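Just below is one structure, and these are the notes that go with it.
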Amino acid sequence: MGIFDESKQKRKQLIKNRNILQTTYIPDQLPHRENEIRNIVEIITPSLYKNKPSNILVTGKTGTGKTAVLNYIGKELKKEDPKEENCSFIYVNCEIVDNPYGILFNISNQIIIDQNRIPPTGWSLDRVYDTMISYIDKENKVFIIVLDEIDRILQKNGDDIFYFLTTMNEILKQSKISIIGVTNNAKFTELLSTKIKSRLGEEKVIFSPYNAEQLQNILRGRAELAFDTEIIGDGVISRCAAISAQDSGDARKALDLLRVSAEIAERNGDTSVTEAHVIAARNKIEIDAVIEVIRTITVQSKIVLRSIIELHEKKDIITTGNVYSIYKENCDILSANLLKEKRVADLISELDMLGIIHARVKSFGRNGRTREIELNINKDIIDFVKKDELFEPLQKHKSKKQTTLWKEQEDNKKV
DNA sequence: TGTCCACTGGAAACGGTGGACG
DNA sequence: CGTCCACCGTTTCCAGTGGACA
Ligand SMILES: Nc1ncnc2c1ncn2[C@@H]1O[C@H](COP(=O)(O)OP(=O)(O)O)[C@@H](O)[C@H]1O
């Protein structure tokens, strides 16, 4: 008997088809999005006849299927026009590339396939824009450009690029482009200038969150492809659906929950997935997500976070200025370079947006107006942060301080 | 009632990095 | 090479601002 046999036996594959549950998988069927699909299809159908469709703004919370629906429509559009004679579908995720050059680069190189590709950096924006236009016009067709997570660009770079893109049609002679903006920020349009607001939002499609019942259907559909259904215990799917429905109707979360539950069951060597696994999965996902975020923040952010933790442990009120003075000490001990107040304040806002802390502006009357900060992570994660090797000098320093203190006390006793 | 604190939030500018191009 | 340009993280500047206290 081989030494792996027992372990192999134990690790019975519960998941038959793993990639079905991965977030990158695009399903062939998207239940409960029939109306949205029909709407969008109706709007973009003119592109099959080389006419420019209206621009569309798609809004809806995360995990409501926006990306899945648009990719699905893109696939189907290609089926209608396999040689892309009349229209091409271009998808850009602005969360991954969020600077103007990157976006134009990305769009252009889905169009330009010969040796004249645009380099990933180096050109002036004007030059990129001009070559892009000439290539687009040469193709003599309609380009449907999906900008996913479009709010990212605006946040970081303002709306210049939207102006670029929406005025391009006035210069193009043969081809046309049509923009589909995707955002999970319902207030996105309020942040745009009126001109661009009306151009980008010629048509609007709203994706509402799924309810528990709809999530159950979605999960069932996937589960059938990914597992032998009998290994999924009673109530597992409804439990996953209920949890995710309560917390913003996010299908991605629901699917993650199901996948991680199965993975946990598998690792435990259990023969079926039960509700207990779902509960365990929920915790694991939550913790993993936070740890992943903390792992990827910058050194400076970590020092700021560490300073907040120190104040938290001293049970002091945590304010921006408060954090800054501890931060200053820590930078000194760690011989990290010291940032100015403003930047640290901005880093605090970033930590807030990441959900690691909770910071809201509060007025303390005569004592000024500043952020009051609360830590939003549990003890284990606090320990995880403190254990970071970056802080080793700090641990030494603090314990040295403590031992000297202790020594002094001892000495005092002796005297 | 007004003052004034300790910042906030927005914008512009800066310096360093790195690619293209002539 | 030097020049131009974009990007990023950061600094500098500045006009607000909610509310305890005089
Ligand atoms: N109606 C649906 N049917 C099946 N799977 C869905 C459905 N809606 C969303 N999903 C799945 O949920 C996950 C998240 O969806 P996504 O389109 O990325 O959401 P969004 O872009 O709105 O944040 C994806 O894995 C997607 O396949």
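In what follows, chains are A, B, ... by sequence order, proteins preceding strands, each numbered from 1. Since we're looking at a predicted model, the values are computed, not measured.
Within 3.5 Å, a donor on the side chain of A:R366 pairs with an acceptor on the base of B:dT3, or the reverse. Residue side chain A:K362 does not reach the base of C:dG19 through any donor-acceptor N/O pair under 3.5 Å, judged by distance alone. Not a single donor-acceptor pair, N or O on each side, falls under 3.5 Å between the base of C:dG9 and the side chain of A:K340.
Across the protein-nucleic acid pair, A:Y324 atom OH and B:dT8 atom P stand 13 Å apart, rounded to whole Å. The interatomic distance linking A:N157 (CG) with B:dA12 (P) rounds to 14 Å, in whole Å. Atom pair A:N99:CG and C:dG9:P shows a separation of 11 Å (rounding to whole Å applied). Whole-Å rounding puts the A:E341 CD to B:dC7 P distance at 8 Å. Taking atom CG of residue A:D346 and atom C1' of nucleotide B:dA12, one finds them 14 Å apart after rounding to whole Å. Atom CZ in A:R369 sits about 10 Å away from atom C1' in C:dG19, given to the nearest Å. A:R343 places its CZ atom 13 Å from the P atom of C:dC8, with the value rounded to the nearest Å. The CD1-P distance, from A:I153 to C:dA6, rounds to 17 Å in whole Å.
Geometrically, A:R369 does not engage A:F364 in a cation-pi contact defined by less than 6.0 Å to the ring centre and at most 45° from the axis. Both tests do not hold together for A:K387 against A:F384: distance to the six-membered ring centre under 6.0 Å, angle to the ring axis within 45°.
When distances are taken from the side chain of A:S124 to each of C:dA6, B:dA20, C:dC13, the shortest belongs to C:dA6. Closest to the side chain of A:T121, from the set B:dG19, C:dT11, C:dG18, is B:dG19. Of the candidates C:dA6, C:dT10, C:dT12, C:dA6 carries the atom nearest the A:L125 side chain, counting heavy atoms from C-beta on. Closest to the side chain of A:D98, out of C:dT11, B:dG19, C:dC8, is C:dC8. You'll find that the side chain of A:R371 is closest to B:dT8, out of B:dC21, C:dT12, B:dT8. If you check B:dC21, C:dC7, B:dT8 against the side chain of A:P100, the one that comes closest is C:dC7.
When the options A:L339, A:L305, A:N322 are evaluated for a side chain to side chain contact (heavy atoms under 4.5 Å, CB included) with A:Y327, the one that passes is A:L339.
Using a 4.0 Å heavy-atom cutoff across all strands shown, A:T370 reaches sugar-phosphate atoms only and no base atom. Nucleic acid contact class of A:L104 (heavy atoms, under 4.0 Å, all strands): none.
For A:Q22, the CD atom sits in a packed shell: over 12 heavy atoms of surrounding residues, nucleotides or ligands are nearer than 6.0 Å. Remark: A:K78 NZ is loosely packed, at most 12 non-hydrogen atoms of other residues, nucleotides or ligands lying under 6.0 Å away.
The side chain of A:K156 contributes an N or O atom lying less than 4.0 Å from OP1 or OP2 of C:dC8. Between A:W123 and the phosphate of C:dC5, there is no side-chain N or O to OP1/OP2 separation shorter than 4.0 Å.
Aromatic ring pairs are classed by plane angle as parallel below 30°, tilted from 30° to 60° and perpendicular above 60°; the pair A:Y129 and A:F164 is parallel.
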